[in-house]
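Below is one structure, written out as structure tokens, with a few remarks after it.
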Amino acid sequence: MRKLLLLFPLVLVQVLSIAQSVRSENLVLVTLDGMRWQEVFGGMDSALLHRPAYTQDSARLRKQFWAEDAGRRRSLLFPFLWDTVARRGQLIGNRWLGSYLNNANRYWFSYPGYNELLTGYPDSAVNSNEKVMNPNENVLEYLNRQPEFRGKVAAFTTWDVFPYILNQPRSGLYVNAGLDSLRFPQPGLQLINTMQFLAPRPLGVRPDLLTYFAAREYLTTFRPRVLYIAFDETDDYAHAGKYDQYLATAHAEDGMLADLWNLLQSLPQYRDKTTLVITCDHGRGDRDKDQWRSHGARIPDAGQVWMAVIGPDTRPAGEIQGGSTLYQAQIAATLTALLGFQFHAAHPVASPIGSVLP
């Protein structure tokens with residue numbers, strides 16, 4: 001761990017110059033749990049497509065998502081990422097082009113990944129998915145302490161461990177996770193609350209679609225400055241070995257991202273004043289080793305992640321090629337820098353990713 005921390009100098013960004021130049025007044029962070037970079041940058045994997053154990057209706061899936069050209073395949077699967085973000089923002093983590101974004105934590109599963117992502121600190125003591133309060137300060141609570149953001153930071157998550165990852169009692173954040181009731185009088189939020197209890201739960205969790213609409217309705221009603229949406233179903237379907245559902249969910253979540261971006265651009269508070277950051281908590285195994293279903297320290301490639309950024313302060317560089325190896329721990333300071341702040345915490349914080357900053 002000490003060697004890893006040497007890779008991450010404490011944040012030394014010139015805060016005043018950033019604060020004077022940023023145009024982002026709002027931030028939306030979205031995570032797709034366990035979404036492999038291979039599909040993000042290469043689209044549907046033909047080897048997994050033709051494995052009957054993983055894909056029940058390969059003909060339908062091929063018709064929907066297959067093309068001989070990898071660029072076309074990924075656009076079919078993630079049209080928002082490749083038709084909008086690639087033209088107006090940046091995508092980092094295509095290892096085929098020498099762009100490397102890795103977990104710095106050595107565990108390569110969810111709680112350690114989300115801790116690293118949100119605190120900027122790959123804490124070796126955070127080493128399980130148990131419901132234990134996170135001792136490390138996260139960027140959402142840091143922003144919630146700033147006078148102009150106080151009470152305007154919220155998180156909507158499918159996985160019910162997030163109140164612990166975000167240490168809700170300490171941070172005071174509004175965190176709606178799992179099947180938490182939406183205790184609001186507004187009819188739209190009441191309707192979504194009823195739907196989440198009536199909807200089937202084939203994976204045992206609230207459907208990501210309802211997590212999204214709860215967050216969407218909250219945004220239009222309360223207009224938060226910072227919103228975090230954490231999807232979960234891509235990881236669940238991959239663990240279940242359902243490659244067809246894994247792809248269908250990824251495609252649907254890309255559609256939710258497009259809907260969210262269009263909504264943000266339709267509202268004066270957010271239009272051209274909001275940065276959207278999309279990433280994941282960990283990678284997965286490679287299909288050649290038949291390990292795509294899994295992740296963790298024993299699974300090669302599971303520490304490989306990716307990130308997409310679009311907003312008024314991020315230059316439209318598209319797909320990043322080459323460069324030095326980046327780490328998930330750097331995203332936390334990047335999020336605050338995009339709003340003109342320097343993330344301070346009692347623990348070490350990795351330096352931000354410069355390419356996405358003004």
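Asn105 and Asp123 form no side-chain donor-acceptor contact under 3.5 Å, judged by distance and modelled atom types alone. Side-chain contact check for Asp232 and Thr158: no donor-acceptor pair (N or O, by modelled atom type) lies under 3.5 Å. In summary, the side chains of Thr234 and Thr249 do not present any donor paired with an acceptor at a separation below 3.5 Å, with no hydrogens or angles considered. Between the side chains of Asn134 and Asn115, a donor-acceptor pair is found at a separation under 3.5 Å. Using a 3.5 Å distance cut-off with no hydrogens or angles, the side chains of Thr31 and Tyr228 do pair a donor with an acceptor. Between the side chains of Gln190 and Asn193, not a single donor N or O lies within less than 3.5 Å of an accepting N or O. With no hydrogens or angles considered, a side-chain donor-acceptor pair links Arg95 and Asn102 at under 3.5 Å. Under 3.5 Å, the side chains of Tyr111 and Glu116 contain no donor-acceptor pair of N or O atoms. Side-chain contact check for Asn176 and Arg206: at least one donor-acceptor pair (N or O, by modelled atom type) lies under 3.5 Å. For Asn138 and Thr119, the side-chain atoms include no donor-acceptor pair closer than 3.5 Å.
For the ring-ring contact (aromatic ring centres under 6.0 Å, His included) test, no residue two or more places apart in sequence or in another chain qualifies with Trp108. Scored by the salt bridge (charged side-chain N to carboxylate O under 4.0 Å, His left out) test, Glu137 finds Arg145 as partners (sequence neighbours excluded). For Trp37, the ring-ring contact (aromatic ring centres under 6.0 Å, His included) test picks out Trp96, with sequence neighbours left out. Asp290 meets the salt bridge (charged side-chain N to carboxylate O under 4.0 Å, His left out) test with Arg51; sequence neighbours excluded. Phe197 meets the ring-ring contact (aromatic ring centres under 6.0 Å, His included) test with no other residue; sequence neighbours excluded. The ring-ring contact (aromatic ring centres under 6.0 Å, His included) search around Tyr174 returns Phe156, Phe184, Tyr218, not counting sequence neighbours.
Both cation-pi conditions hold for Arg74 and Trp82: the charged atom is under 6.0 angstrom from the six-membered ring centre and inside a 45 degree cone around its axis.
Environment of CZ in Arg298: sparse, with no more than 12 heavy atoms of neighbouring residues, nucleotides or ligands closer than 6.0 Å.
Ion pairing between Arg216 and Asp259 holds under the 4.0 Å rule for side-chain N and carboxylate O. The residues Arg60 and Asp57 are annotated as salt-bridged, a charged nitrogen and a carboxylate oxygen being separated by less than 4.0 angstrom. For Glu141 and Arg170, the salt-bridge test passes: some basic side-chain N is under 4.0 Å from an acidic carboxylate O.
Relative ring orientation between Tyr212 and Phe231 is described as tilted, the plane-to-plane angle lying within the 30° to 60° band. Taking the six-membered ring for Trp and thresholds of 30 and 60 degrees, Phe341 and Phe149 have ring planes more than 60 degrees apart, a perpendicular arrangement. Taking the six-membered ring for Trp and thresholds of 30 and 60 degrees, Phe65 and His251 have ring planes more than 60 degrees apart, a perpendicular arrangement.
A heavy-atom distance below 4.5 Å is not found between the side chains of Arg225 and Leu27.
For the side-chain hydrogen bond (donor to acceptor under 3.5 Å, both in side chains) test with His295, the passing option among His239, Gln304, Arg36 is His239; the others fail.
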(request) Check the pair Trp66 / Leu76 against side-chain contact (heavy atoms from CB on, under 4.5 Å), numbers first and verdict last. (result) CA-CA 8 Å; Trp66 180 253; Leu76 289 171; over 6 Å; no
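The main-chain N or O of Val356 is found under 3.5 Å from a side-chain atom of Thr314 such that the two form a donor-acceptor pair.
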